[in-house]
Amino acid sequence: MPRYDAKRLEPKWQAYWEEHQTFATGPFDPAKEKMYVLDMFPYPSGAGLHVGHPEGYTATDIVCRYNRMKGKQVLHPMGWDAFGLPAEEYAIKTGTHPAITTAKNIETFKRQLKSLGFSYDWTRELATTDPDYFRWTQWIFLQLFDTWYDASCDWTGPDGVQRIGRGRPISELPIPADVAANGEAAVRRYQDQQRLAYQHEAPVNWCPALGTVLANEEVVDGKSERGGHPVERIPLRQWLLRITAYGDRLATELENLNWPESIKLMQRNWIGRSEGAEVDFYIGSGEWTGQVDAISSFPYRGLFGPNGITSAYIIPEEAPKVLHDFIAWLKQNARNGFRKEPGPDVLRIYTTRPDTLFGVTYMVLAPEHPAVNRLTTPEQRAAVDEYRQQASFKSDLDRTELAKTKSGVFTGGYAINPVNGKKIPVWIADYVLISYGTGAIMAVPAHDTRDFEFAKEYDQQIIPVVQPEDADEVLAQLFQNHFAQGCYSAIRISPSSADASVERLKETLKGLPEVDQLVEIVAANDQGTYLLVRRPMEDAVAGRITPPVRQIGLDEAFTFDGIAINSGKYDGLTTAEFKSKITADLAASGLGRKAVNYRLRDWLFSRQRYWGEPFPLWHELDVNGQPTGLLRVDAESALPIKLPEMADFKPTGTPEPMLSKAPESWLYKSAPDGTKLKRETNTMPQWAGSCWYYLRFVDNKNAAAFTDPQLEKQWLPVDLYVGGAEHAVLHLLYSRFWHKVLFDRGHVHTAEPFQRLVNQGMILGEVEFTGYARGQGLGVGGQGEPQNAAAVADWVSSAEVTDDDDGNAILKATGEKLATVKLSPDAVKKSGDSFVLADRPDIRIESRAYKMSKSRGNVINPDSVVENYGADSLRLYEMFMGPLEQVKPWSMQGVEGVFRFLSRVWRTITDERADDVRLNPAVQDVTPDEPQLRLLHKTIKAVTYDIESLGCNTAISRLMEFMNEATNWNVRPVAILKPFVLLLSPLAPHLAEELWQLLGGKTTLAYGPWPTFDPKLVEDSEIDVPIQINGKLRAKVSVPAKADQAVVEAAARADSLVASQLEGKTVVKVVYVPGRMVNFVVK
RNA sequence: GGCCGAGUGGCGAAAUAGGCAGACGCACAGGACUUAAAAUCCUGGGUUCCGAAAGGGGCGUGCGGGUUCAAGUCCCGCCUCGGCUACCA
């Protein structure tokens, strides 16, 4: 009695496919359409495959099988991202070489993947740890090392797209004459600074527990992404990749990719391109800081006055020396333009809001900023030093935790605002980061949230310079009423401000230079409190009070665009106009320029671990064995540079790389010219190998090149790439970066590697139910109720009950245990947004699915699913759960459901009562009748559409609907069942192959052909048309499919119910959508 | 705090271009087969009201408005949940 036996079928067909090399990609055939379908290759962890892996893998497998049957040539490879920390951690614990652990894990993964029947071309398998593979990873690194980014290069790539900016060979880098004059070593040093792979001493994320430095992307909340160990910031010489050079192209070239918009957006945010301006604030030469206190204010007014940069408003004999210097500086800038590098006499800031320059009330430097020393006055020295000391010890975690209150210290020094000559105090604070922009900011508390918080904390002045465009009519009216009496401004304070804040604002206003004397409350309504302010007459004369109204929020900064106020001749401009105007003015006077900044940092590319690719680099040593800072590269022929054998895998415990413990023979050599060389001892991060693996799959055996150029042209780009969204900004950005470098250097022909990207959603554990017994009379001590957790347990028999910290009884049961504790749906009742026990409304039941995790014990092992139900059931279930992109909880009962469906398919086609596997007697070679044909063709149409759009869940329900019908047929025509089996085959390939064979198939069905449908058979001849009256469904009438409005309307009116509803009413209008519905609009 | 996404039966979900809400599956209930169980097959169901029943009416896609002959779908305003991000000037 052969029942559906997946355990028999599946190994049989897996062996068949392997033996016949069914899925090996043949030689490329230019006549056929190609399709490159890629899964994100897994890291082969010791835990083995997780049910999350087969989700994406099944989806791509279905796409591949479908397209093979459609006659396309499909490339569908699999490999292993095998370098990485866990294998090394294991080596530290047990002494087992990471290579051994890795090989073992790969074996497990491969066995598991094969047991699921994926149609990978295993001849293309690769692991990033193979010397044949990482040889080319090292080779690509050398390409990066050999490349500089020419930002002004205007060129057209092989894809026909014109671009500005290109990676070019370092040999083409122009050497400035003064560098060349200093000899060969100077030239080499200059080149080294320009390469895409370069060394840099910088504060890095050092993780003592892991014994390594981590990339920004690998640090989450001040802890390591892997393991959650604390991370400190220490300065260290590191290798960096200049990904920022490609920031623009990485952002703009996302445009034409068929990727989820959310991922594109995440990448754009990560790159974080912002446009703004750099502006120089004058801080003077040496004696400046000493003299500053003597200057209370400058008689200098307005740089951009009617005469341009002049001293028109300055009375030189009244000005101290520093003012003369400042004026000289202004004139010099006007002559020479904006300097490339800021000199020691200026503080260069970056801002996206140059329109708020008139609202600057203080400046902030990052604690590490080089100008801090110069600006610090003797009185402030101790405080500044202490603050800097603290900041340097702070890990990112500390900085995050302290983010709630801003901290900072006054340096004692001042700068001069170039637009209005105001004296601006300079502070240091760790909310300003040395690594972004220029490491210095101008603070505009009125219009920046962070500056606002800081200003509140340290009592800095707040000057509003932007007001909302839609100024209240109330305020406009107020101004109208009072303007005649003098020069007034009205100010609105948001209603949530406390009285104390209003008082404080009044005080602040009185302190402002542009407020004359009068400050009073003139009105208050639910929009806020209105203050009327009288301003100096000269402001009015100068036409400076153009807009009648302005708003100050004492509670918050106004960060939006609006209309300029308090900004001299710029008053009245919109934010956008202001920005472009002042940027141009600054540029013209040499005080600033347009600038672009990126949130993206250069990619920290070195790790101090063992299990990674060694760098193909050497450091030159001098006669004393000390590094000279000059580098040599390995010849291509010397690659791969393999890892040395090590006596032990213990980290050095210092930031010194593991490989510094390597044998001398590996570490040192002499160059042919006699120079002593020491190997670079860092290794590459795990991302390196995954950056280009899709290129190697195309030609994984090539010993002469990373991939054959011809094959690369034929197969790339990847047409469909499926993987988890967790790689949205790491792997996917790094990979695109490398690809673009290879593109610029002429090694690949497309600018982007992955044309279409789909993210699979996470699979959560089974839904868990938790009951909370609480409220009156329950919990501990209630009257006539369970007195404690044990009593509740007794009451709901066999539920697992614990007490939580608050003394509430918590009862827990998993989905399956639910029935045993009698929490059937009848026992549970909806109450508001949650559920309660039906007869005990005081016991709340909550259901929730959690991430699968070892600690929660809700991990589903795919092996056990295959063991109990078979691979086809696992595949089918994972696809049937819901849309691929969605997060969804696992359900073992759901697996059972699809297993039942497959069993039903088996029973419908085979004879379960026979002793051997044979066709069901109902399956006969007869001519199908019309309803059967119609059902088949509708199913073909629907399933084809669904698979094309990756909607496997609905494809499966179509097949189920088909089966529900087909099982009822007494005679089941072979001509109907064969196409059905083909439709099923991408989803459940093992069962389909077996049935195909039974139905007379001679070879595998893997190459189809995919069934096509007859449009005539898809359309019904007779259809039910819903009849609505005033948009409400009242009846359905059956009419011929092609019936015109008159016929359908007549049929509708003939319906007794419709007729009775229309009785005595006027039909105003009849809406008829052919074949879909009729709507009578009546009065 | 910022950005993105999602809210539809007891549950996973479907509804392809604004046109029959709840396909398909799970769970549940009733029945058939069986000594019994498992397996299998059949039947049922959003909710509520009227009715003995057949049948019929009302209400229903997070909440409140709007557009439309017609809204799960489009627009405006909220609420809740999830993801990403977090001093990026």
Side-chain angles (χ1 to χ4, degrees), chain A residues 3 220-221 260-263 265-266 268-270 272 274 276 349-353 356 364 399-400 402-403 406 429-433 435-444 448-451 453-454 597-601 725-726 728-729 761-762 767 815 818-819 824-826 828-830 833 835 847 849 877 880-883 885-898 900-901 903-904 907 912 942 945-946 949 951 953-954 956-961 964 967 1024-1033 1035-1036 1057 1068-1073 1075-1082:
Chain A
R3 291 224 177 143
V220 178
D221 285 342
E261 277 309 315
S262 60
I263 300 290
L265 197 75
M266 277 167 73
R268 284 198 197 99
N269 288 346
W270 192 263
S274 77
I349 57 97
Y350 170 76
T351 178
T352 53
R353 293 293 302 272
T356 59
V364 186
R399 287 200 179 192
T400 315
L402 290 175
K406 300 228 174 328
D430 65 6
Y431 82 91
V432 173
L433 310 173
S435 49
Y436 184 79
T438 59
I441 62 155
M442 62 180 213
V444 187
D448 181 281
T449 321
R450 295 149 300 170
D451 296 344
E453 282 169 26
F454 188 86
N597 254 304
Y598 299 92
R599 207 191 83 109
L600 182 72
R601 307 292 150 79
E726 68 272 18
V729 284
M762 205 191 329
V767 173
L818 192 63
S824 69
D826 273 358
V828 177
K829 187 172 77 172
K830 202 157 185 175
D833 288 338
F835 294 87
S847 65
Y877 173 66
F880 190 57
M881 290 171 88
E885 300 87 350
Q886 202 158 303
V887 177
K888 46 217 168 231
W890 186 267
S891 158
M892 228 21 130
Q893 280 164 336
V895 183
E896 199 133 355
V898 295
R900 278 205 280 264
F901 163 67
S903 306
R904 212 148 115 103
R907 248 193 328 274
E912 281 203 331
Y945 177 86
D946 287 343
S949 56
N953 52 333
T954 46
I956 294 165
S957 43
R958 296 297 189 168
L959 295 172
M960 285 172 166
E961 281 176 87
N964 289 345
T967 32
D1024 283 346
V1025 176
I1027 309 300
Q1028 297 178 347
I1029 293 171
N1030 280 347
K1032 285 202 171 146
L1033 179 71
K1036 280 181 197 180
L1057 204 107
V1068 183
K1069 191 174 166 188
V1070 179
V1071 181
Y1072 175 61
V1073 182
R1076 305 217 74 147
M1077 49 121 294
V1078 177
N1079 188 13
F1080 291 97
V1081 185
V1082 302

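Naming convention: chains lettered A, B, ... in sequence-line order (proteins, then strands); numbering from 1 in each chain.
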> Nearest to the side chain of A:I441, which nucleotide is it out of B:rC20, B:rA86, B:rA89?
B:rA89
> Quick check against the 3.5 Å criterion: does A:D451 have a side-chain atom that pairs as donor or acceptor with the backbone of A:V444?
yes
> For nucleotides 22-26 of chain B, print each protein N/O atom paired with a nucleotide N/O atom at under 3.5 Å, atom names and distance only.
unit_1 : atom_1 : unit_2 : atom_2 : d
B:rA23 : O2'    : A:E961 : OE1    : 3.3
B:rG25 : OP1    : A:N964 : ND2    : 3.3
B:rC26 : OP1    : A:R900 : NE     : 3.2
B:rC26 : OP1    : A:R900 : NH2    : 3.0

> Given B:rG12, B:rC87, B:rG19, identify the nucleotide with an atom nearest to the side chain of A:K406.
B:rC87
> So what does A:K1032 hit on the nucleic acid, given a heavy-atom distance under 4.0 Å: a base, only sugar-phosphate, or nothing?
sugar-phosphate
> When you get a sec, tell me which of B:rA86, B:rA13, B:rA39 is the closest nucleotide to the side chain of A:P883?
B:rA13
> Just compare B:rG19, B:rC41, B:rC20 and give me whichever is closest to any side-chain atom of A:R907.
B:rC41
> Quick one, A:S435 and A:R601 - any side-chain contact, counting heavy atoms below 4.5 Å?
yes
> Kindly indicate whether the side chain of A:V1081, heavy atoms from C-beta on, has any atom under 4.5 Å from the side chain of A:N1030.
yes
> A:N269 has a side chain; which of B:rG12, B:rA89, B:rC3 sits nearest to it?
B:rC3
> Starting the side chain at C-beta, find the nucleotide from B:rA39, B:rC4, B:rA89 nearest to A:R3.
B:rA39
> Ignoring hydrogens and angles, does a donor from either the side chain of A:K1069 or the base of B:rC69 sit under 3.5 Å from an acceptor on the other?
no
> So does A:P883 get a backbone contact from the side chain of A:K888, meaning a donor-acceptor N/O pair under 3.5 Å?
yes
> Send over the distance from A:R353 CZ to B:rC87 P, rounded to a whole Å.
20 Å
> Please tell me which of the listed nucleotides, B:rA13, B:rC69, B:rA39, lies nearest to the side chain of A:V1081?
B:rC69
> Give one of base, sugar-phosphate or nothing for A:M1077, where a contact means two heavy atoms less than 4.0 Å apart.
base
> Would you classify A:R599 as touching base, sugar-phosphate or nothing, given that sugar-phosphate means primed atoms plus P, OP1 and OP2, and contacts are heavy atoms under 4.0 Å?
base
> So what does A:Y945 hit on the nucleic acid, given a heavy-atom distance under 4.0 Å: a base, only sugar-phosphate, or nothing?
base
> Treat a base pair as Watson-Crick or G-U wobble with both distances under 3.5 Å, then lay out RNA chain B in dot-bracket form, 5' to 3', with | for cross-strand pairs.
(((((((..(((......[....))).(((((.......))))).(((((....)))))..(((((..]....))))))))))))....
> Considering only side-chain heavy atoms of A:D448, which listed nucleotide, B:rC69, B:rA89, B:rC87, is closest?
B:rA89
> By the 4.0 Å heavy-atom rule, please label A:S274 as base, sugar-phosphate, or nothing.
sugar-phosphate
